[in-house]
Student: 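Mind having a look at this structure? Questions to follow.
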Amino acid sequence: MGASGGIDRGVAAWSRVCEKFKAEFGVHVYSSWLEQMGYRGLDGSTVELTAPTKFHRDYIQQHYAPRLKDFFVAEDPRVKALSIRLGTAAARPANDEDVLKVTRIQAPTIIEPRAQDTGSALDPRYSFDSFVVGKSNELAYAAAKRIAESDDVPFNPLFLHGGVGLGKTHLMHAIAHEVKRLKPRKKVVYISAEKFMFEFIAALRYKDTHEFKQKYRNVDLLMIDDVQFIANKDSTQEEFFHTFNALVDSRRQVIITADRSPTDLQGIEDRIISRLGWGLVADIHPTDYELRLGILQSKAEQTTGVDVPADVLEFLARRITSNVRELEGALNRVVAYATLVGRPITMDMTRDVLQDLIRANDRKLTIDEIQRAVADYYNIRLADLLSERRSRNIARPRQIAMFLAKQLTSRSLPEIGRRFGGRDHTTVMHAVRKIEDLRRDDSHLEDDITRLLRLLEG
Ligand SMILES: Nc1ncnc2c1ncn2[C@@H]1O[C@H](COP(=O)(O)OP(=O)(O)OP(=O)(O)O)[C@@H](O)[C@H]1O
């Protein structure tokens, strides 16, 4: 780190520490706490960090310092202690893309001190331009755009909800950037519900609630991320309720996100739930194949110096279906690997590098589902698909179903054979090879397979 290899290695180590922290404590804890901290270097055997407030420093010291120290020791065994001073972040904490940049160019990443009027830092990459729109998120996107561009308060509050990693935070940051650009005089605060709670508790402890109320009730646009976090936190809910009412009553915009709809939130008072549904409630649905591919293409375009082949992007879009964060992470991993070993990206490399992710994302499609989908698609009876009949209009779909069963499940060739009317494994192997050969030259067949894959994998 600092002493042995200069700031470059120190920043790279800090990046890795940030990644480990994120993996262990989750992205929310990371963005509430570590993201606001700065890395200053290694002084002898002491790692020097900065925290933006005294409360922040105390909280880190009490809750996370031992683990952080472990992470630093893993980077450099000489580390014996952590020291946290007050100050702005000098070296930017890492995210997946920073880790890539650091491994590639080994340069420190410096950011400006954080804007004073935002509760949490805004990520400059989360803009409307970089948000890819599809069926599953078009309502949320349109509502976010409308708020950012409107002079009035079109719906209050806007409540965005959807599963993990589907772009809620991205949209909120995009609104904040756009409002700051178009209406620089507006006071915008973006904060995670977790940080809102900790700030409130700190205000109570330091008997400073007046300043807290002033800060949050005097803004033009308040965005609170992941509101489910304040479930069962009674005094925070009380404060949130009053802040919310004060802003809505004075026609100032409030935007809330959560991982579920207002009515599904548990541990939140009824009066709050009912108010959360007053304005527009927009759901972000899980991504479909087209959107995933669009997002990957857009990210791949931003990746300089490495070419990501189309079949690799299609493979990732088909196989990593859980959420966009994982999808991005998968692409970053493949790119990082290819850069480090200095080889072009191939399908084999991708499968190798992402073995664990692909397994975890396996949707556990059954052979039965595949057979039904193929029979439906070709308008033939399931019984015929499994029968001995050899006529072309049955035999070809059967081969396609076998091929898909091999591609999409982890079943062995003999198992697949048994499920197709007790056929031998060599019959399945022949079918798989035949379809692999045919699809190269037969564009109709290739279209059929692409459609079936989409039907089956969403
Ligand atoms: N439609 C999209 N276009 C481009 N990038 C996207 C899109 N949706 C999500 N992402 C990216 O996926 C990652 C995760 O998104 P984000 O953090 O906004 O998710 P979230 O819904 O807030 O998740 P959480 O519930 O974990 O807070 C981000 O890097 C974001 O930029």
Side-chain angles (χ1 to χ4, degrees), residues 18-19 22-33 35 93-101 119-145 158-178 190-196 223-231 255-261 264-265 281-303 313 316-317 320-333 335 357 361:
C18 288
E19 280 310 301
K22 210 188 290 180
E24 186 161 322
F25 297 107
V27 68
H28 298 299
V29 175
Y30 168 76
S31 55
S32 297
W33 298 108
E35 200 172 33
N95 51 42
D96 290 350
E97 285 174 15
D98 285 336
V99 173
L100 278 185
K101 274 188 223 138
S120 299
L122 294 175
D123 190 321
R125 295 164 310 159
Y126 292 176
S127 63
F128 281 124
D129 280 349
S130 63
F131 192 83
V132 184
V133 187
K135 273 204 294 295
S136 58
N137 58 24
E138 63 188 358
L139 175 63
Y141 174 81
K145 267 265 194 216
L158 168 63
F159 187 97
L160 290 177
H161 70 98
V164 170
L166 293 182
K168 301 181 293 294
T169 304
H170 187 133
L171 277 180
M172 277 193 157
H173 286 210
I175 295 171
H177 292 310
E178 195 67 355
Y190 161 83
I191 188 164
S192 67
E194 185 189 24
K195 185 143 187 265
F196 181 84
M223 298 189 273
I224 300 201
D225 207 353
D226 288 319
V227 79
Q228 74 277 356
F229 191 85
I230 61 169
I255 307 179
I256 309 282
T257 71
D259 62 354
R260 63 202 76 177
S261 74
D264 289 335
L265 285 170
V281 176
D283 185 357
I284 304 188
H285 298 277
T287 52
D288 56 18
Y289 172 80
E290 271 87 9
L291 180 57
R292 289 196 295 276
L293 189 59
I295 292 172
L296 285 169
Q297 281 164 344
S298 139
K299 308 270 171 202
E301 269 166 28
Q302 294 155 27
T303 320
L313 295 180
L316 295 179
I320 315 285
T321 53
S322 46
N323 69 56
V324 182
R325 189 175 294 121
E326 273 204 355
L327 197 62
E328 284 184 338
L331 178 64
N332 286 346
R333 237 158 93 178
V335 171
L357 258 186
N361 272 276

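Both ligands and their constituent atoms are indexed starting at 1 by order of listing. Computation of the quantities below employed the complete heavy-atom set of this structure, encompassing side-chain atoms and omitting hydrogens, waters and symmetry-equivalent molecules.
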Student: If you take the nearest heavy atom of each of D259, L291, L166, D123, which one is closest to atom 8 (N) of ligand 1?
Tutor: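 Nearest option to atom 8 (N) of ligand 1, by heavy atoms: L166.
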
Student: Show me which atoms of ligand 1 lie under 4.0 Å from any heavy atom of K299.
Tutor: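 Close to K299: 4 (C), 5 (N).
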
Student: Distance from K168 atom NZ to L160 atom CG, nearest 0.5 Å?
Tutor: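 One gets 8.5 Å once the value is rounded to the nearest 0.5 Å.
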
Student: Which of the numbered atoms in ligand 1 are under 4.0 angstrom from any heavy atom belonging to V132?
Tutor: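 Those of ligand 1 that fall under 4.0 Å from V132 are 1 (N), 2 (C), 3 (N), 4 (C).
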
Student: Under a 4.0 Å heavy-atom limit, does L327 contact ligand 1 with its side chain, its backbone, both, or neither?
Tutor: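 Near ligand 1, L327 shows nothing, with every heavy atom at 4.0 Å or more.
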
Student: Sort out for me which residue in L313, V132, V324 forms a side chain to side chain contact (heavy atoms under 4.5 Å, CB included) with L296.
Tutor: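 Of all the options given, the one that passes is L313.
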
Student: Nearest 0.5 Å please: distance from the CD1 atom of I320 over to the OG1 atom of T287.
Tutor: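 Result: 11.0 Å between the selected atoms.
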
Student: Need the ligand 1 atom indices (1-based, order shown) with element for anything under 4.0 Å from a heavy-atom of N137.
Tutor: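 Selected atoms, number and element: 1 (N).
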
Student: Is the ring pair H173/H177 parallel, tilted or perpendicular, if the boundaries are 30 and 60 degrees?
Tutor: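 Rings of H173 and H177: perpendicular, over 60°.
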
Student: Kindly compute the distance separating CD1 (I295) from CZ (F131), expressed to the nearest 0.5 Å.
Tutor: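 If I round to the nearest 0.5 Å, the distance is 7.0 Å.
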
Student: Would you mind listing which atoms of ligand 1 come within a distance below 4.0 Å of any non-hydrogen atom of V164?
Tutor: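 Contacts of ligand 1 toward V164, numbered from 1: 23 (O), 25 (O), 26 (O).
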
Student: State the CG-NZ distance between L291 and K135, to the nearest 0.5 angstrom.
Tutor: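 Going from CG on L291 over to NZ on K135, the span is 9.5 Å.
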
Student: If you measure every N or O of G165 against every N or O of ligand 1, does any of those distances drop under 3.5 Å?
Tutor: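 Indeed, backbone or side chain, G165 has an N or O that close.
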
Student: Per the side chain to side chain contact (heavy atoms under 4.5 Å, CB included) rule, which among I284, T257, L158 passes with L171?
Tutor: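 Single pass found, and it is I284.
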
Student: Which atoms of ligand 1 sit under 4.0 Å from any heavy atom of G167?
Tutor: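 Those of ligand 1 that fall under 4.0 Å from G167 are 8 (N), 9 (C), 15 (O), 16 (P), 18 (O), 19 (O), 20 (P), 21 (O).
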
Student: With only distance considered, is E328 within less than 3.5 Å of ligand 1 through an N or O on each side?
Tutor: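 Indeed, backbone or side chain, E328 has an N or O that close.
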
Student: For S130, counting its heavy atoms only, list the atoms of ligand 1 lying under 4.0 Å from any of them.
Tutor: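 In order of numbering, the contacting atoms are 3 (N), 4 (C).
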
